[in-house]
Trainee: 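One structure, as structure tokens, below. Some questions next.
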Amino acid sequence: MTSAEKDLYPIGTVEKKTGLSARQIRYYESMGLVNPVRTNGGQRRYTENDVLRLIRIKQMRDSGFDLKSIKEKIQVFEQKLEEISLPSVNPAQVKLSSLYPVSNRAVLMKLLEKK
DNA sequence: CTTCTCACA
DNA sequence: TGTGAGGA
């Protein structure tokens, strides 16, 4: 019923949706900025959240930030997200393979306006 | 045709 | 970062 992130896109689709080149997308992955899942054949599959994250990265980059700053930004961000996500998730289904759940967006916003 | 990795002009 | 090679 509550479908958060079900669709996965191949890198070609992500290129169009983000405006980034496949080269950049793969490079950012090597830098630990995104963690797409792989298919049996080894192809990357990105979630909607991955796309959103890449768009944020593109904007930060265009705004003059270097990848190092962006990476640190995301790490702090992810750290806070874990703090508010883990307590509200059943230990049985804790598979943090992807990004933050949309269901915590409200909590996310509060957290952001506080800092 | 699309994607993947690796390496280099 | 781009691009070409060589595979899957």
Side-chain angles (χ1 to χ4, degrees):
Chain A
M1 312 271 186
T2 53
S3 56
E5 50 173 66
K6 272 272 168 203
D7 16 306
L8 300 174
Y9 318 95
I11 200 167
T13 302
V14 180
E15 283 190 271
K16 296 177 182 176
K17 295 174 76 74
T18 65
L20 291 168
S21 66
R23 183 73 157 79
Q24 293 176 300
I25 297 171
R26 299 197 186 101
Y27 179 59
Y28 295 161
E29 178 186 346
S30 70
M31 297 297 276
L33 270 42
V34 285
N35 53 311
V37 295
R38 297 292 186 120
T39 62
N40 297 271
Q43 290 186 240
R44 281 164 259 246
R45 285 297 130 88
Y46 302 81
T47 63
E48 191 61 49
N49 281 317
D50 287 326
V51 174
L52 260 37
R53 186 204 295 247
L54 285 169
I55 290 176
R56 281 189 269 115
I57 293 172
K58 175 184 167 66
Q59 299 181 325
M60 290 179 89
R61 207 222 56 176
D62 288 342
S63 298
F65 291 92
D66 51 73
L67 290 182
K68 188 175 181 297
S69 300
I70 298 176
K71 183 178 181 180
E72 296 176 352
K73 242 298 184 210
I74 290 181
Q75 294 189 319
V76 176
F77 194 65
E78 298 288 295
Q79 191 183 316
K80 290 181 177 302
L81 287 174
E82 282 182 44
E83 292 174 22
I84 62 176
S85 295
L86 291 178
S88 59
V89 175
N90 302 315
Q93 61 182 75
V94 176
K95 37 185 177 181
L96 303 174
S97 58
S98 193
L99 305 177
Y100 55 84
V102 181
S103 55
N104 281 321
R105 184 190 171 77
V107 184
L108 208 177
M109 297 312 283
K110 281 193 174 183
L111 195 159
L112 288 179
E113 50 187 88
K114 267 195 160 187
K115 186 56 197 303

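Atom set for the values below is all heavy atoms of this structure, side chains included, hydrogens, waters and symmetry mates excluded. Protein chains get the first letters and strands the later ones, always in sequence-line order, with residue 1 at the start of each.
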Trainee: Let me spell it out: for each of A:R23 and A:T13, pick the nucleotide of DNA chain B with the closest heavy atom. Which residue's pick is nearer the 5' end?
Mentor: A:T13
Trainee: Name the nucleic acid region contacted by A:G41, choosing base, sugar-phosphate or nothing; use a 4.0 angstrom heavy-atom cut-off, strictly under.
Mentor: nothing
Trainee: So, A:E72 and A:S69: side-chain donor and acceptor under 3.5 Å apart, yes or no?
Mentor: no
Trainee: Which part of the nucleic acid, if any, lies within reach of A:R45 when heavy atoms closer than 4.0 Å are counted: base, sugar-phosphate only, or nothing?
Mentor: nothing
Trainee: Quickly work out the A:K16 NZ to B:dT3 C1' distance and round it to whole Å.
Mentor: 14 Å
Trainee: Partner of C:dT1 by Watson-Crick or G-U wobble geometry, both contacts under 3.5 Å, or none?
Mentor: none
Trainee: Is there a Watson-Crick or G-U wobble partner for C:dA8 with both distances under 3.5 Å, and which nucleotide is it?
Mentor: B:dT2
Trainee: Round to a whole Å and report the spacing from CD of A:E29 to C1' of B:dC4.
Mentor: 11 Å
Trainee: Please check if the side chain of A:D50 supplies one atom and the backbone of A:T47 the other of a donor-acceptor pair under 3.5 Å.
Mentor: yes
Trainee: Could you tell me how far apart A:D62 (CG) and C:dT1 (P) are, to the nearest whole angstrom?
Mentor: 10 Å
Trainee: With a 4.5 Å heavy-atom cut-off, do A:L20 and A:L54 have their side chains touching?
Mentor: yes
Trainee: Taking CD from A:E15 and P from B:dC4, how many angstroms apart are they, rounded to a whole number?
Mentor: 9 Å
Trainee: Check the distance between C:dT1's C1' and A:L20's CG and give it to me in whole angstrom.
Mentor: 12 Å
Trainee: Rounded to the nearest angstrom, tell me the gap between atom OH in A:Y28 and atom C1' in C:dT1.
Mentor: 9 Å
Trainee: Hey, which sits more toward the 5' end of DNA chain C by its nearest nucleotide, A:A22 or A:Q43?
Mentor: A:A22
Trainee: Measure CD1/A:I11 against C1'/C:dT1 and give the value in whole Å, please.
Mentor: 14 Å
Trainee: So, does A:T18 use its side chain to make a donor-acceptor pair with the main chain of A:V14 at under 3.5 Å?
Mentor: yes
Trainee: Could you check if a side-chain atom of A:Y27 sits within less than 4.5 angstrom of a side-chain atom of A:L33, using non-hydrogen atoms only?
Mentor: no
Trainee: Within this structure, what is the OH-to-P distance between A:Y27 and C:dT3, rounded to whole angstrom?
Mentor: 18 Å
